[in-house]
Structures are given as C-alpha cells and as structure tokens.
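This report refers to the structure that appears directly beneath it.
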Amino acid sequence: MFKIITETADFVVVAKSANVNFHDEGELGSGLFSQVKEHLEKHTSNAELYPVHRLDKMTSGLIIFATNLASAQLFSELFKSHLVEKYYLAISDNKPTKKQGLIKGDMAKSRRGMFKLMRSMENPAITQFFSYALGDGKRLYLLKPHSGKTHQLRVALSSISAPIMGDPLYNSTSTADRGYLHAYALRFTFSGKQYEFTLPASEGAFFLAKNTTERLIKIGQPWLLEWPHIKAS
C-alpha cells in the first residue's frame with residue numbers, strides 16, 4: 001500500500017501504491033493518510049500527521065506528509081508559492097496533438113466527476129511536458145505541473161488527445177493493468193536544506209518495460225532538463 005522513503009523530524013516522504021485512495025473508503029478500507037498515521041503511531045513516538053498535498057486514487061508515487069503543525073504551515077506556503085517542484089510520468093497510447101510544450105487553461109467541472117480544460121485564463125491550470133516515443137503507438141510523458149488543480153494532469157493529457165492509459169474517467173475504454181500516472185520526483189528546500197527525491201514506478205507492465213526504463217535513464221534528473229521559463233500565475 002505504501003513505503004516510507006524518508007522520515008525526518010518534520011515530514012515523511014511516502015511511496016504510494018496505485019489504486020489506494022487518500023481518504024478512508026468505509027467498508028473498502030483505510031485510505032493512505034490513515035495507514036501512514038497508524039504506522040507512525042506504532043513504530044515511532046510521533047502521533048501527529050498533516051496532509052500537505054494529495055494524489056488521485058489511481059496515481060502512484062511520491063507524496064509528502066508533515067509531522068507537526070509548524071512544518072505543515074511551512075509546506076503550505078511552499079506549495080502556495082510554487083516552491084515544491086513536482087514531476088510526473090504518464091503513458092498514453094493515443095497520438096497527441098502536440099508532443100511537448102505547455103498546456104494552460106481554466107478548468108471547469110464536467111459530467112460524472114470529470115473536469116474539462118477551458119480556453120479562458122482567469123485562474124489557469126499550468127502544465128509543462130516533454131514526451132518520448134516508446135513504440136507500438138505508446139508515448140511516455142514527463143509532466144511538470146505549476147499548479148495543483150484536481151485531475152490537472154489527467155485533464156491536460158486528455159485535452160491534447162492523449163488520455164492516460166487505464167484512466168477510468170478520461171479513458172474509460174482503456175483496458176490497461178493500472179492507471180498510468182506516477183508521481184516520479186520531488187525537489188524542494190525546507191528550513192535551508194535542499195531535498196531531492198526520484199522514484200521510478202514499481203507497478204504496471206508498461207512502466208516496467210525495458211524501453212521505458214531505458215528512456216528514464218536517458219532523461220536523468222528531471223529538474224536538469226531545459227524547461228522553458230514560464231510565469232506560474
């Protein structure tokens with residue numbers, strides 16, 4: 001369900017499994033937050049845990065929890081100021097309308113719990129991306145969001161005709177073995193110290209395929225790529 005990647009006096013970084021909800025799901029069981037809190041209570045003296053960002057149920061990968069109120073408030077400011085760099089991986093088997101660049105626009109609620117990307121720019125979702133051919137019509141996407149909207153990356157790729165494989169909402173006809181979205185890397189400075197985390201996916205046949213893993217080696221640390229400067233507003 002999850003794995004502790006790093007534990008400090010102020011926060012923990014956790015590797016979330018795919019298909020685990022953030023919150024409890026009643027009879028379906030405890031969510032990620034409850035699982036991590038129970039683990040810390042059992043194995044450490046710390047009984048405090050604060051969410052500072054979230055991942056969708058289908059999304060695997062890196063997520064931060066604060067372990068005291070002061071650090072939770074600091075992380076809140078870091079995220080609000082776009083000072084936590086986040087990088088995601090996704091795979092689609094549809095041909096995109098563009099292979100790299102910027103996806104930007106307001107998001108509005110649609111049907112069945114979905115969202116859609118608008119042409120207006122009042123409070124836009126902002127996502128930069130590169131993509132790489134994997135063969136057999138599939139492409140790997142490296143995504144860098146500059147905002148934190150619900151379903152942002154799923155909507156972004158859907159808007160360029162490349163919905164994520166296995167996405168139950170935006171690619172409902174896909175029969176993939178999981179939703180192919182993974183929180184791949186984090187970089188931030190906390191209390192004067194810089195932290196960098198990179199975690200390849202451990203679930204999903206196409207994430208684990210040789211051509212995907214070889215491509216990730218070539219990409220290297222995602223923050224070292226030449227991302228064009230944009231104003232996150």
Side-chain angles (χ1 to χ4, degrees), residues 16 21-23 32-33 50-66 72-92 94-131 139-172 174 179-190 222-223 225-233:
K16 173 189 173 295
N21 205 41
F22 188 88
H23 297 291
L32 178 69
F33 179 82
Y50 298 83
V52 295
H53 67 134
R54 291 169 174 78
L55 295 177
D56 291 342
K57 182 176 182 177
M58 79 169 199
T59 309
S60 59
L62 295 167
I63 185 168
I64 305 166
F65 292 96
Q73 293 170 337
L74 181 52
F75 271 114
S76 177
E77 289 301 314
L78 291 175
F79 277 101
K80 184 178 179 180
S81 301
H82 311 290
L83 295 176
V84 179
E85 296 179 42
K86 298 178 290 181
Y87 301 88
Y88 291 75
L89 301 175
I91 295 178
S92 177
N94 288 58
K95 186 177 180 179
T97 55
K98 61 179 180 179
K99 296 178 181 179
Q100 69 177 51
L102 183 70
I103 302 170
K104 184 176 180 180
D106 291 329
M107 288 176 56
K109 288 185 177 180
S110 184
R111 63 193 188 282
R112 296 185 290 108
M114 299 168 67
F115 290 80
K116 59 184 177 181
L117 196 70
M118 312 290 285
R119 292 185 177 180
S120 58
M121 297 287 177
E122 293 180 12
N123 183 23
I126 304 169
T127 305
Q128 288 179 288
F129 75 100
F130 295 112
S131 74
R139 295 191 75 84
L140 174 69
Y141 293 81
L142 177 63
L143 302 139
K144 182 182 181 181
H146 292 266
S147 49
K149 312 290 186 183
T150 301
H151 293 187
Q152 176 174 327
L153 302 180
R154 299 162 71 179
V155 172
L157 288 184
S158 181
S159 76
I160 60 168
S161 302
I164 296 169
M165 292 179 63
D167 188 328
L169 278 180
Y170 300 93
N171 197 0
S172 58
S174 175
Y180 274 84
L181 182 60
H182 177 73
Y184 178 54
L186 291 167
R187 186 167 76 147
F188 56 89
T189 298
F190 185 91
W223 43 81
L225 297 179
E226 294 185 4
W227 298 92
H229 177 74
I230 64 169
K231 184 178 179 180
S233 61

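Here the structure is a predicted model, which means the values were calculated and not measured.
Contacts of Thr189 classified as side-chain contact (heavy atoms from CB on, under 4.5 Å), with partners at least two apart in sequence or in another chain: Gln194. Applying the side-chain contact (heavy atoms from CB on, under 4.5 Å) test to Leu225 and every residue at least two apart in sequence or in another chain returns Phe130, Tyr132, Leu142, Ile219, Trp227. With sequence neighbours left out, the salt bridge (Lys or Arg N to Asp or Glu O under 4.0 Å) criterion links Arg139 to no other residue. Take Lys149 and apply the side-chain contact (heavy atoms from CB on, under 4.5 Å) test, not counting sequence neighbours, and it matches Met107, Asn123, Ala125, Ser147, Gln152. In terms of the side-chain contact (heavy atoms from CB on, under 4.5 Å) criterion, residue partners of Ala162 (sequence neighbours excluded) are, by chain and number, Ser92, Pro96, Tyr141, Ile160.
Although no hydrogens or angles enter the test, the distance criterion places a donor-acceptor pair under 3.5 Å between the side chain of Lys16 and the main chain of Thr59. With His82 contributing its side chain and His146 its backbone, the two residues share a donor-acceptor pair below 3.5 Å.
The OG1 atom of Thr150 lies 8.5 Å from the NZ atom of Lys109; values are rounded to the nearest 0.5 Å. One distance of note links NZ of Lys57 with CZ of Phe22; it measures 14.5 Å at 0.5 Å rounding. Taken to the nearest 0.5 Å, the CG atom of Leu143 stands 8.0 Å off from the CG atom of Leu89. Atom CZ of Phe190 and atom CG of Leu78 lie 7.5 Å apart (nearest 0.5 Å). Atom OH of Tyr184 and atom OG of Ser60 lie 12.5 Å apart (nearest 0.5 Å).
Side-chain contact between Leu117 and Val155 is present, with heavy atoms from C-beta onward closer than 4.5 Å. Residues Asp167 and Leu181 have side chains not in contact (no heavy-atom distance under 4.5 Å, counting atoms from C-beta outward). A heavy-atom distance below 4.5 Å is found between the side chains of Gln128 and Pro228. Contact annotation: the side chain of Arg54 never approaches that of Leu32 to less than 4.5 Å [non-hydrogen atoms, C-beta and beyond].
Checked against Phe75 for a ring-ring contact (aromatic ring centres under 6.0 Å, His included), the options Phe188, Phe65, Tyr50 give a single hit: Phe188. None of Asn94, Leu157, Leu169 except one satisfies the side chain to side chain contact (heavy atoms under 4.5 Å, CB included) rule with Pro163; the exception is Asn94.
Annotation: Lys98, atom NZ; neighbour count of heavy atoms from other residues, nucleotides and ligands within 6.0 Å is above 12.
The heavy-atom pair separating Met121 from Lys104 by the smallest distance is CE-O, 3.1 Å. Scanning both residues, Pro124 and Asp106, for their nearest heavy atoms gives N-OD1, 3.2 Å. Residues Ile103 and Ser159 share a closest heavy-atom pair of CG2-OG, 3.6 Å. Listed here is the closest heavy atom pair of Met58 and Pro168: SD-CD, 3.8 Å. Taking every heavy atom of both residues into account, Thr127 and Ala156 meet most closely at OG1-CB, 4.3 Å. Leu102 and Phe129 get closest at one heavy-atom pair: N-CE2, 4.4 Å.
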*side chain to side chain contact (heavy atoms under 4.5 Å, CB included) assessment of Phe79 paired with Ile64*: CA-CA 11 Å; Phe79 277 101; Ile64 305 166; 4.3 Å; yes
*Report the C-alpha separation of Phe33 and Ile63 in whole Å, then their side-chain angles, then the decisive distance to 0.1 Å, and conclude whether the side chain to side chain contact (heavy atoms under 4.5 Å, CB included) test is met.*
CA-CA 10 Å; Phe33 179 82; Ile63 185 168; over 6 Å; no
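The ring-ring contact (aromatic ring centres under 6.0 Å, His included) contacts involving residues 150-171 comprise Phe115-His151, His151-Tyr170, where partners must be two or more places apart or lie in separate chains.
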